[in-house]
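Just so it is clear: chains get the letters A, B, ... in the order the sequence lines come, proteins before strands, and each one is counted from 1. Note that these values count all heavy atoms, side chains included, but never hydrogens, waters or copies made by symmetry.
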Amino acid sequence: MRSKTVETLPEATVLFAGDSGDGMQLTGTQFTLATAHAMNDLATLPDFPAEIRAPVGTTYGVSGFQLHFGSVDIRTPGDEVDLLVAMNPAALVVNLDRVKPGGTVLVNSNSFEKKDLNLANLDSNPLEDGSLDKYRVIQVELTRLTRETLKDTDLNQKQIDRSKNMFALGLALWLYSRPIEPAQRWLESKFGRKPEIRDANLELLKKGFHFGETTEQFVTRYEVSPATLPPGRYRAVQGVQALAMGIVAAANKSGLPITYGSYPITPASDLLHALSRYKNHGIMTIQAEDEIAAIGMAIGASFGGALGITGTSGPGVALKSEAMGLAHITELPLVIVNVQRGGPSTGLPTKTEQSDLMQALFGRNGDAPMPVIAASTPGDCFEVAYEACRIAVKYMTPVVLLSDGYLANGSEPWLIPDPDDLRDFDVSFATETNAEVDGQEVFHGYIRDEGTLARPWAKPGTPGLEHRIGGLEKADGTGNVSYDAANHEKMTRLRAEKVERVQQDMKPLEVFGDESADLLIIGWGSTRGAIEAGVTRALNAGHKAAAVHLRWVHPLPPDLGEVLSRFDSFLVPELNNGQLVRILRDRFLLPFEAMNKIQGRPFGPSEIAKKIAEMVG
Amino acid sequence: MSDNDSQNDPNTPKGRKPTLPPGMGTPAAKKPTLPPGMGTPAAKKPTLPPGMDKPAAKKPSLPPGAPSGDGASGLTRADFASDQDVRWCPGCGDYAILATVQRLMPELGVPRENVVFISGIGCSSRFPYYMNTYGMHSIHGRAPTVATGLKASRPDLDVWMITGDGDSLSIGGNHIIHIMRRNVDLQIIMFNNQIYGLTKGQYSPTSEVGKVTKSTPFGSIDHPFNPIALVLGADAAFAARTMDRDPKHMKDILKRAHDFKGTGFVEVYQNCNIFNDGAFFDFTEKATKSDRAVFFEHGKPLVYAGGTKGLRLDGFNLKSIDLDEGSWGTDDCLVYDETSLELATILARVYWHDELPQPFGVFYREERPTYDAQVNEQVQSVIEARGKGSLADLLAEGDTWVVQ
């Protein structure tokens with residue numbers, strides 16, 4: 001055995017791809033955990049089909065998990081792949097164009113039989129026909145080695161073959177000098193009650209790791225040094241986990257019980273799954289009969305003095321829009337989470353997109369504005385969820401929270417926040433009458449707070465404050481039904497003004513990059529990492545650019561106009577056909593240039609950097 | 001007549017003149033009973049319908065023959081009337097339902113601040129505005145969802161849901177079946193007038209086939225729902241039927257629904273005197289009521305027509321028997337058991353039957369756990385098992401590492 005040379009890399013991108021039954025998401029997740037333990041910065045992109053078990057071996061059944069990690073600042077799941085692990089020909093052909101020239105392709109050579117090639121619609125074997133010439137190909141007999149390793153166990157053939165991802169994981173961990181222990185600990189706890197399965201997987205993991213050491217195919221092993229992250233305790237967090245924990249934090253800091261109503265929908269179901277585990281944190285979850293019921297239940301809970309939250313994706317928001325209007329006119333606190341996916345209609349359920357912005361801003365009958373907040377990274381989902389809840393209660397308004405499939409499923413290292421550092425979350429319920437009619441003390445539901453314009457929140461059960469609310473227009477002050485013409489205009493303007501006042505709670509915008517640049521990039525939501533990494537690359541290439549990222553899309557930050565006034569040209573990259581750009585053009589009458597990608601995948605930094613070069617180069 | 005006129009036209013009901021239902025205190029007068037708030041001095045609450053400007057009298061406008069009185073809570077009927085003008089058409093059956101509910105409230109002994117009325121959209125759904133309790137007039141068909149969310153998170157509240165046949169059986173059909181299976185502890189009063197009133201007269205999901213309305217000038221072809229059978233099919237735990245013209249029966253049934261721990265579904269036949277006048281007169285008016293309606297009770301034989309007729313179970317079918325003629329006696333009549341789903345199913349299917357009377361009463365009652373209790377018990381059991389969650393622990397859950 002020769003000793004291997006070790007090469008140190010600043011960053012690397014690995015993509016695990018196989019059948020949707022091959023366990024690629026699990027493999028990716030465990031590689032991510034090991035990478036987190038190696039103290040690298042990282043970003044991930046799970047990419048799976050909408051079908052649960054598409055026919056084995058076909059291209060449309062390919063499931064992938066991409067991971068970008070490094071000792072440097074990692075902002076995206078990576079433009080180009082350094083190592084593709086392909087479990088079958090379909091996984092290879094679907095993902096090959098993402099591998100950088102000269103990159104490594106590791107294949108399970110046992111799965112390139114004639115029938116496998118047919119399933120992937122290949123006329124010839126790519127391992128033999130020269131189509132992989134520009135890559136470094138490593139053929140590993142994953143199936144045979146797995147069977148060999150487990151031949152003395154009582155597991156059946158199917159169970160044995162299904163475990164081969166652990167061999168691949170072990171090998172990948174070795175290749176990038178990742179610790180093997182986190183995966184071992186996970187297997188031990190996961191299969192603690194199934195010792196045979198546990199032992200088989202542990203054995204394969206180790207065999208894969210050792211295989212790298214012994215095989216002649218690898219002459220080089222890589223190392224990626226720890227990243228320089230701010231000090232503190234970290235964990236890897238997925239956007240959906242962070243969002244759920246942000247909601248728990250809101251319950252904790254406000255003392256409000258939270259009722260989460262939801263109907264299963266990709267990619268928002270995981271939020272329901274996560275929150276349903278947090279019953280001892282003051283969260284009640286209800287799986288409703290449909291999207292409308294889910295928001296109706298949340299509104300009912302808010303009327304009762306809990307904080308109602310509903311989560312869904314774009315098609316669900318379409319169904320909820322009438323009830324969102326009800327929450328707007330009854331001025332009850334409510335959070336509507338939209339984990340966006342590719343649209344329109346059913347669209348691309350498992351792919352990411354930012355195409356529901358206009359829906360969030362305007363998708364209701366009547367003038368019914370509501371604050372719209374958007375998360376920018378998986379970890380940011382925590383803060384944004386907390387903030388959405390806080391603003392909903394403070395201003396007595398429904399708030400739309402926009403996440404997306406990439407944020408929900410993607411993960412990154414997360415500096416664990418200290419609950420004491422969260423902004424105060426005060427709640428005050430009305431307890432006393434607030435008006436006098438004919439010498440009688442009465443309660444009027446629409447007398448507003450001067451600062452926030454919020455109306456009082458009076459819980460049923462409070463004596464003397466009995467009142468009625470509803471979807472009919474309200475008389476200013478009393479809240480009684482009113483069809484008065486001037487009152488309707490006044491109330492419409494009051495409700496809009498109240499939403500505008502959320503500006504009071506916004507932190508100043510931060511400009512990233514070169515503030516003396518002519519070009520400013522304006523982004524919102526999950527494109528932040530790609531935009532800022534793209535700006536960094538452009539700056540390194542000598543192209544001056546700056547970027548500003550919007551957390552609140554409605555109302556727009558109060559200092560946005562001032563920031564814009566410092567630049568001459570503007571680029572608005574979005575994963576849609578041009579939505580924020582229209583809002584900005586309407587509001588500021590400046591030459592905003594749209595940059596749109598509508599492929600169900602996030603931007604890569606190179607795309608942004610290339611565009612910057614075109615504009616300023 | 002303009003659209004607006006149709007809402008305010010103070011016509012008395014057309015068709016046969018209504019008379020007092022039997023079993024109601026005061027003896028029936030010759031003149032037709034006027035709907036509450038009309039003719040006889042009106043009370044403060046509910047206030048006069050629009051277009052009527054007679055000065056209000058001291059006495060509240062109770063349904064005819066209804067006793068007034070203070071309840072255990074020390075509150076009176078007037079305490080449950082809001083200060084809002086009631087805007088239903090004069091002569092509408094809704095007035096009787098409002099008056100009956102306001103009259104029942106003090107007897108229930110529930111503190112007023114703990115009572116919440118949730119409604120959908122339609123004439124009936126304006127109801128919460130007229131109750132001096134907490135209330136929400138929500139959106140079309142969705143009242144069950146709002147009520148479920150409220151009751152689940154606030155099981156201490158006494159929640160009532162108000163809906164109509166269009167609201168609950170058409171646009172809200174999905175929610176009505178799900179609230180039934182969940183058995184949320186609240187009362188549902190479904191005003192069934194077999195017509196769309198607020199949108200001015202289209203056929204509803206309970207309208208009879210062939211109905212000529214504005215939207216069906218050549219007659220409707222839709223097969224109608226049988227609401228009691230529908231909710232039984234959705235595993236309702238409590239299903240009952242009553243009528244606007246029999247406030248005493250209505251009050252008894254509503255009280256039973258309230259006493260029931262679970263979803264108390266009550267269908268109320270309610271006359272829309274503007275768009276579907278007399279739809280239920282067969283069952284509600286003196287001339288025909290005795291022969292066309294049977295008021296049944298748990299543990300009692302099914303007897304009607306003043307004791308001269310009964311209903312006998314013949315296989316799976318109900319047969320009318322003549323109790324005067326000599327061959328049959330009361331002992332031959334079916335003794336009703338409201339805990340039998342089989343009997344409830346048979347009785348519910350006696351629906352606009354040519355030869356059998358329409359049944360009124362509690363069709364079915366099944367004691368089973370309520371959704372709101374169970375959802376809260378589950379939360380409690382998790383807290384007991386795991387302790388109250390710590391946010392700091394949750395945030396730091398799983399594999400963590402420290403960067404110096």
Side-chain angles (χ1 to χ4, degrees), chain A residues 33 36-37 39 182 185 226 229-236 245 248-249 252 257 259 261 278-282 284 286 288-290 292-301 303-306 308 322-323 326 330 416-419 460-472 480-481, chain B residues 82-84 111-119 121 128-129 131-154 156-157 174-175 177-178 375-376 378-379 382-383 385-392 394-404:
Chain A
L33 188 63
H37 276 269
M39 295 196 194
R185 280 200 298 271
L229 294 166
R233 181 169 289 278
Y234 282 77
R235 64 182 279 189
M245 288 189 288
V248 170
N252 181 285
T259 300
Y278 298 153
K279 292 189 166 51
N280 57 335
H281 287 274
M284 176 182 287
I286 304 180
E289 60 267 26
D290 63 27
I292 301 171
I295 188 171
M297 289 170 181
I299 290 172
F303 181 56
E322 186 190 12
L326 177 69
T330 55
I416 298 168
D418 181 342
T462 314
L465 307 194
E466 293 87 354
H467 67 287
R468 277 67 56 195
I469 58 174
L472 289 170
N480 288 327
V481 174
Chain B
S82 78
D83 62 352
Q84 296 297 293
R112 188 173 63 179
E113 64 271 17
N114 286 352
V115 179
V116 187
F117 279 83
I118 304 288
S119 65
I121 292 293
Y129 289 124
M131 294 295 299
N132 190 16
T133 62
Y134 284 91
M136 194 199 296
H137 178 217
S138 75
I139 45 176
H140 207 6
R142 319 304 172 193
T145 71
V146 175
T148 298
L150 177 63
K151 184 69 185 180
S153 58
R154 290 290 307 277
D156 56 312
L157 298 174
N174 194 31
H175 311 303
I177 58 176
H178 287 276
V375 74
N376 284 287
Q378 194 173 56
V379 168
V382 174
I383 292 173
R386 298 187 183 175
K388 194 95 182 107
S390 147
L391 176 59
L394 176 70
L395 298 180
E397 198 178 63
D399 272 290
T400 65
W401 67 96
V402 174
V403 173
Q404 302 293 344

Quick check for you: to the nearest 0.5 Å, what is the distance between [X] atom [atom1] and [Y] atom [atom2]?
X: A:E466; Y: B:N132; atom1: CD; atom2: CG; value: 6.0 Å
X: B:N174; Y: A:I292; atom1: CG; atom2: CD1; value: 8.5 Å
X: B:T400; Y: A:R233; atom1: OG1; atom2: CZ; value: 3.5 Å
X: A:N252; Y: B:L394; atom1: CG; atom2: CG; value: 9.5 Å
X: A:M284; Y: B:N376; atom1: CE; atom2: CG; value: 4.0 Å

Got [X] and [Y] here, is their nearest side-chain heavy-atom distance under 4.5 Å?
X: B:E397; Y: A:R235; result: yes
X: A:L326; Y: B:M136; result: yes
X: A:R185; Y: B:D399; result: yes
X: B:Q378; Y: A:K279; result: yes
X: A:M245; Y: B:L391; result: no
X: B:Y134; Y: A:H467; result: yes

Counting only heavy atoms closer than 4.5 Å, note whether [X] contacts chain A via side chain, backbone, both or neither.
X: B:R386; value: both
X: B:A385; value: neither
X: B:S119; value: neither
X: B:A396; value: both

Quick check: does any side chain N or O of [X] sit under 3.5 Å from a backbone N or O of [Y], one acting as donor and the other as acceptor?
X: B:Y129; Y: A:N480; value: no
X: B:R154; Y: A:A301; value: no
X: B:R142; Y: A:G296; value: no
X: A:N280; Y: B:V382; value: no

Over all atoms of both residues, closest heavy-atom pair of [X] and [Y]:
X: B:Q404; Y: A:P231; value: C-CB, 3.7 Å
X: B:S82; Y: A:R468; value: CB-NH2, 3.6 Å
X: B:L150; Y: A:G300; value: CD1-O, 3.4 Å
X: A:V481; Y: B:Q84; value: N-OE1, 4.5 Å
X: A:P460; Y: B:L157; value: CB-CD1, 3.7 Å
X: B:K388; Y: A:G282; value: NZ-N, 4.2 Å

If you count heavy-atom pairs under 4.5 Å between each of [options] and chain B, which one has the most?
options: A:A288, A:G464, A:G304, A:G305; answer: A:G304
options: A:T259, A:I295, A:D418, A:L229; answer: A:L229
options: A:P417, A:G470, A:G461; answer: A:G461

Which bit of [X] is near chain B, if near means a heavy-atom gap under 4.5 Å: side chain, backbone, both or neither?
X: A:P257; answer: neither
X: A:P226; answer: neither
X: A:A36; answer: both
X: A:I286; answer: both
X: A:T462; answer: both
X: A:A298; answer: neither
X: A:L465; answer: both

Chain A contacts, top residue of [options] (heavy-atom pairs, under 4.5 Å):
options: B:N114, B:D156, B:L395, B:I177; result: B:L395
options: B:G135, B:P144, B:A152; result: B:G135
options: B:A147, B:A143, B:G387; result: B:G387
options: B:V379, B:V375, B:I121, B:T133; result: B:T133

Legend entry - Ring geometry between B:W401 and A:H37 (parallel below 30°, tilted from 30 to 60°, perpendicular above 60°):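 Taking B:W401 first and then A:H37, their aromatic rings sit tilted (interplane angle of 30° to 60°).
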